[in-house]
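Beneath this line is the structure, given in structure tokens, with notes to follow.
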Amino acid sequence: MEAKPTLSANKDEGPLEIRARLAASAHRPRYHFLPPNNWMNDPNGFIEWQGVYHLFYQHNPHAPAWGSIHWGHATSKDLVYWQDEPIALIPDPNGPDADGCFSGCAVDGGGVPTLIYTGFRSGEQTQCIATGDPSLRHWYSHPANPVLVGAPPGMRASDFRDPFVWREGEWWYMLLASALETGGGAALLYRSKNLTDWDYRGPLLTGKIEETGELWECPNFFPLGDRHALIVSVWPRAHVHAFVGHYQNERFVVTWQGRLDHHGAFYAPLTTQDSLGRRLMVGWLDECCGPAARQEAGWAGVLSLPQIIEPHSDGGLAVRPVPEVAKLRGRAQHFSDLRVDSRLELPLRSDSFEAHLEFSAKGAAEVGLAVRVSPDATEETRIVVRLDEGALLIDRSRSSSLEGADRSPHGGSLGSQTSDKVLLHVFVDRSVIEVFVNDRQHFATRVYPSPGSDGIALLASSPTEVTVLNLWELGTIW
Ligand code: DQQ
């Protein structure tokens, strides 16, 4: 029987006590960040500040459901272990964020930590600023709030949010998420000298509804190699789309576009550049179960593993997990040249592990792993590379015992296979599955198996050789 967390919160409980109380919740991840309890969605304000990574996130501290959106806050020295910090932004009943502090970013405003976010009040979305003290634990609403009101003509007034701000010479630039009044995503460009007075410079890019959805949320824009990348989250929630191109004099000419992540649990990613010069990205991994299960669990929403984005030789983007995650590696098993006829059960059993596989791109049509396998193998999640189709498939039809869990397949195209070996990198963390293929593509999904479904097996559609298999149990970050 699953140990049921007690939801009756004790008022004196600190975040670590809440975490200890909920640790027994069967599907709660061990090495992915999530708030102590209740709801999280988008990561916000991701920034490295004086050697410490700060992560803020959309948080409802009152329930494991979206609503009353605050900004939660956590810090980390290594992107692996996180420390809970006091809630940073709280809706002010008399302010422009009375109904929620929506997504945004953090910048170094001339030595002053500065959060730029969307205030939500009575259906209106306006842009607001909060400045922090040097500890980044106390935040103050700027007297000029809201600093930007009203979508420009031709843009949908009800969708005007998610500021992403960067510095270019003497100017601050800001991108805002919106939609054309006629439908189709829009990333709107603004410019300012002081972060409070903003001039509209026009849309940086707009999309066609039939190609890239109705509305773009949470835009990110940053230099990458000799180009720039624009990342948007496509609403209705479908996938994360990326554009790469040349940016000069406020104009962005797209040379490549494609999906950064396929329809799955990953959404609203936020990027930042750290002091090592890496472009880091984290995203929100939504639950794939219904409201009753979330309510019973007492928590909902998880952060993806931090990833590094780099340019790919095909003109697009490549993503891989940050190497710091290797700190969590515990008991290991290494194999080489394993022959798999159709299925090979592995000696390690675990629900929190990392698997690294290499195999020939010219072998069997389908090669992969079954994870979260029950002792009688009736329950399992199959993660297979379909070499014949150039796609990844995560088959969740037998993944979950939880009523109301989403059992639909997940996956998508892998693009061109440029090497003769395939690299499949899988992270399982109880209900979280993250897959990286060829250090390039990322897929994330959620499953809700029975406790004890912790078997692992290699799969192949015809006899094939897995040249490298490394398995590591991963420890908890709490
Ligand atoms: N979530 C926020 C919005 C954003 C959306 C509200 C994306 O600011 O557009 O919680 O998930």
Side-chain angles (χ1 to χ4, degrees), residues 34-35 38-46 55-73 87-91 95-106 115-130 146 148-149 151 155-165 174-180 184-188 207 212-221 230-241 260-261 263-271 281-288 294 300-304 444 446:
L34 76 172
N38 290 322
W39 172 264
M40 86 162 263
N41 56 300
D42 318 348
N44 296 148
F46 189 28
L55 168 77
F56 302 83
Y57 53 89
Q58 297 277 282
H59 180 44
N60 179 357
H62 308 303
W66 189 89
S68 179
I69 290 294
H70 295 49
W71 274 35
H73 183 195
I87 285 180
L89 298 181
I90 301 175
D97 54 12
D99 297 326
C101 304
F102 281 10
S103 285
C105 62
L115 306 179
I116 306 152
Y117 67 100
T118 299
F120 183 54
R121 183 192 179 117
S122 307
E124 193 188 6
Q125 300 177 0
T126 57
Q127 314 321 319
C128 299
I129 288 183
L148 181 61
V149 177
M155 301 297 158
R156 204 189 277 170
S158 55
D159 293 305
F160 184 58
R161 58 178 177 272
D162 306 341
F164 183 86
V165 176
M174 170 164 72
L175 266 194
L176 284 173
S178 193
L180 298 165
L188 309 179
T212 47
E214 188 181 322
L215 154 71
W216 294 345
E217 297 185 302
C218 301
N220 287 244
F221 190 61
L230 170 69
I231 294 174
V232 295
S233 292
V234 173
W235 179 265
R237 187 120 55 81
H239 68 277
V240 178
H241 203 84
L260 189 63
D261 195 279
H263 179 82
F266 183 82
Y267 197 69
L270 182 61
T271 69
M281 174 171 74
V282 285
W284 162 43
L285 303 182
D286 194 5
E287 301 299 321
C288 297
R294 299 168 192 221
V302 177
L303 189 79
S304 73
R446 307 293 303 275

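Whatever order the structure lists them in is the order used to number ligands and atoms, beginning at 1. These values consider heavy atoms only, across backbone and side chains, with no hydrogens, waters or symmetry-generated copies.
Within the 4.0 Å heavy-atom shell around ligand 1 one does not find T118. In this structure, W66 counts as a contact residue of ligand 1, since one of its heavy atoms falls inside 4.0 Å of the ligand.
Residue R161 has at least one heavy-atom neighbour below 4.0 Å for each of these atoms of ligand 1: 3 (C), 4 (C), 8 (O), 9 (O). Ligand-side atoms of ligand 1 in range of D42: 1 (N), 2 (C), 3 (C), 4 (C), 5 (C), 7 (C), 11 (O), range being under 4.0 angstrom from any heavy atom. The ligand atoms of ligand 1 that sit less than 4.0 angstrom from a heavy atom of Q58 are 2 (C), 6 (C), 10 (O).
Between the Q125 side chain and the F160 main chain, a donor and an acceptor come within less than 3.5 Å of each other. Of the possible donor and acceptor atoms, none in the side chain of W216 sits under 3.5 Å from a partner among the backbone N and O of G184.
For ligand 1, the polar-atom distance check against W284 finds no nitrogen or oxygen pair separated by under 3.5 Å.
Residue nearest to atom 3 (C) of ligand 1, selected from N60, I69, N41, D162: D162 (by heavy-atom distance).
When every heavy atom of N38 is checked against every heavy atom of P61, the shortest pair comes out as ND2-O, 2.8 Å.
At a 4.0 Å heavy-atom cut-off, ligand 1 does not touch W235 at all.
Ring to ring, F46 and W284 are not that close: their centroids are 6.0 angstrom or more apart.
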